[in-house]
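Report on the structure given below.
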Amino acid sequence: MPRASMAGNGPPAPAACPEPLPRSVFKKFLLMLMSLLMSLYVFYCLAERCPSLPGPLLAAAPEQAAGGGGRLEPGSPSLASCPPAARRKRPKQQRRRPDVPGRGAGSGGGGEPPGTLALLLGEGSKRLPQAIIVGVKKGGTRALLEFLRVHPDVRAAGAEPHFFDRGYERGFGWYRELMPRTLDGQITMEKTPSYFVTKEAPARISAMSKGTKLIVVVRDPVTRAISDYTQTLSKKPDIPTFESLTFKNRTTGLIDTSWSAIQIGIYAKHLENWLLYFPIGQILFVSGERLISDPAGELGRVQDFLGLKRIITDKHFYFNKTKGFPCLKKAEGSSKPHCLGKTKGRTHPSIDREVVQRLREFYRPFNMKFYQMTGHDFGWD
Ligand SMILES: Nc1ncnc2c1ncn2[C@@H]1O[C@H](COP(=O)(O)OS(=O)(=O)O)[C@@H](OP(=O)(O)O)[C@H]1O
């Protein structure tokens, strides 16, 4: 029977439906979608890893980054192997604008990987640090920086730049190149503990920005001296004993204050130099002891000082019995637990009790002065 007559007699013909996509086209579409997603993922990994690469690539010491002494101009290759990073438009409630001039960088951490999208978009920029951990050597500066990097609004140079003590003549452009890329509202940080005892450092940092926030991790100067000595001993096993280096004259008990291990611990004296350029309120003193016994508590103070939301809490730490120190449950940019390396938390040699006692006496007046200046009793005496 012809179709027309059927149409005429039967129920009305249904509206014409579009032909379903042929299977092969659908398959191709799926394949394309999958490869697009895959390349996005690869991009994400590359972009997110690059700014947090440790050491030489991103934030080598000046000598390394400059290729052994050559001047490295701003914009030259310290980040050449990273894809251009990015400024990210962040949700309003997540934005932090710390009360510091300039803008910061951050290596992100926590749950959400900060900057991923922005890095994909090729945004973000390197900025001079708005906050610096300026000391003290063996105080716990690495632990503090590693813990802080967990904060999504903090980004930090991996290695110590040593700009304000050894590399100042290279210029701020060179220094900035050592910094990681940051997004609006993130804080750029670095740590170089030798700044605290560098005479020129306060004036130089102030010349960069008067508003730079300074953090000093301090530790009992006697333990700090022993820790310093332990580090030297690990590199040069033939050095004299701690006891013999401590004294100019052991019989009279005269301390050798020219020995750097002793000198660094006279905190009050070094602090006077900083106070010529910075008000005391712009310097935060972190207790190296409490950083071990209560890392979340100290990190709370640091986050407040930096104008950051208190994101790093006790949930981020666990005490590793083997290491004997608090460690991160998840390191920055990773989901794995992370303790500091073997050079942090070394076993100290045992030191003659009388020598320790004499050192305690030596430091007491300086400690008292330091407590007075900072308005904080660190409990070393
Ligand atoms: N969580 C955690 N893990 C390991 N080590 C920790 C930690 N918190 C503080 N510390 C103490 O940090 C001391 C090293 O200080 P610094 O990082 O400032 O040293 S350095 O100046 O950068 O060489 C290091 O000194 P030593 O114990 O003498 O090795 C540690 O006591």
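Counting starts at 1 for both ligands and their atoms, in listed order.
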Numbered atoms of ligand 1 (with element) below 4.0 Å of Glu160, judged on heavy atoms
22 (O)
Have a look at ligand 1 and work out which part of Phe317, if any, has a heavy atom under 4.0 Å from it: side chain, backbone, both or neither.
neither
Can you pull out the closest protein heavy atom to atom 23 (O) of ligand 1? Residue, atom name and distance to 0.1 Å, please.
Lys138 NZ, 3.1 Å
Taking both backbone and side-chain atoms of Arg142, is any N or O found less than 3.5 Å from an N or O belonging to ligand 1?
yes
Indicate the atoms forming the closest heavy-atom contact of Ile239 with Tyr229, along with that distance.
CD1-CE1, 3.4 Å
Nearest-contact summary for atom 25 (O) of ligand 1 - protein heavy atom, Å:
Arg219 NH1, 3.1 Å
Closest protein heavy atom to atom 15 (O) of ligand 1, given as residue, atom name and distance to 0.1 Å
Gly140 N, 3.1 Å
Closer than 4.0 angstrom, basic N to acidic O: yes or no for Arg360 and Asp220?
yes
Return the option from Gly139, Cys339, Pro326 holding the heavy atom at the smallest distance from atom 1 (N) of ligand 1.
Pro326
Among all the protein's non-hydrogen atoms, which is closest to atom 10 (N) of ligand 1, and how far away is it?
Phe325 CE2, 3.9 Å
Going by side chain to side chain donor-acceptor pair (under 3.5 Å), Tyr195 matches just one of Glu190, His270, Glu160. Which one?
Glu190
Would you say the side-chain atoms of Tyr267 pair up with the backbone N or O of Tyr371, donor to acceptor, closer than 3.5 Å?
no
Applying a strict 4.0 Å limit to heavy atoms, is Ile292 in contact with ligand 1?
yes
Beyond-backbone contact of Leu306 with Leu148, side-chain heavy atoms, under 4.5 angstrom:
yes
For Pro193, atoms of ligand 1 separated by under 4.0 Å from a heavy atom:
21 (O)
Near Ser227, which atoms of ligand 1 are under 4.0 Å from a heavy atom of that residue?
25 (O), 26 (P), 28 (O)
In terms of atom number and element, which parts of ligand 1 are under 4.0 angstrom from non-hydrogen atoms of His348?
26 (P), 27 (O), 28 (O)
What I want to know is whether Ala143 and ligand 1 share at least one N or O pair that is separated by under 3.5 angstrom.
no
Where is the nearest protein heavy atom to atom 14 (C) of ligand 1: which residue, which atom, and how far?
Lys344 CD, 3.8 Å
Going by atom type alone, with no hydrogens or angles, which donor-acceptor pairs under 3.5 Å involve a side-chain atom of residues 272-285 and a protein atom two or more places apart or on another chain?
| residue | atom | partner | partner atom | Å |
| --- | --- | --- | --- | --- |
| Glu272 | OE2 | Lys369 | NZ | 2.6 |
| Asn273 | ND2 | Lys199 | O | 3.0 |
| Trp274 | NE1 | Phe196 | O | 3.1 |
| Gln282 | NE2 | Lys210 | O | 2.6 |
| Gln282 | NE2 | Gly211 | O | 3.4 |
| Gln282 | NE2 | Thr212 | O | 2.8 |

Name the closest protein heavy atom to atom 24 (C) of ligand 1, giving the residue it belongs to and the distance to 0.1 Å.
Gly345 N, 3.7 Å
If I apply the N/O under 3.5 Å rule, does Lys137 come out as touching ligand 1?
no
OG of Ser125 to CE of Met179: how many Å apart, nearest 0.5 Å?
13.0 Å
Would you mind checking if Arg364 and Glu361 are paired as a salt bridge, meaning a charged N to carboxylate O distance below 4.0 Å?
no
Which atoms form the tightest heavy-atom contact between Ile311 and Gln303, and what is the distance?
N-OE1, 2.8 Å
Residue pairs meeting salt bridge (charged side-chain N to carboxylate O under 4.0 Å, His left out), one or both in residues 347-357, sequence neighbours left out, come to Arg250-Asp352
Under 4.0 Å from one or more heavy atoms of Gln231, ligand 1 contributes atoms 23 (O)
Between Tyr175 and Phe163, how do the two ring planes meet: parallel, tilted or perpendicular, split at 30° and 60°?
parallel
Which of the numbered atoms in ligand 1 are under 4.0 angstrom from any heavy atom belonging to Phe147?
1 (N)
Verdict with supporting geometry, Trp380 and Phe366, ring-ring contact (aromatic ring centres under 6.0 Å, His included)
CA-CA 11 Å; Trp380 302 318; Phe366 297 113; over 10 Å; no
Can you tell me the protein heavy atom closest to atom 18 (O) of ligand 1 and the distance?
Thr141 OG1, 2.5 Å
Atom 22 (O) of ligand 1 [closest protein heavy-atom partner, distance rounded to 0.1 Å]:
Lys191 NZ, 2.7 Å
Glu146 near ligand 1 by a heavy-atom separation under 4.0 Å
no
With the side chain counted from C-beta on, respond yes when Pro295 and His316 share a heavy-atom pair under 4.5 Å apart, and no when they do not.
no
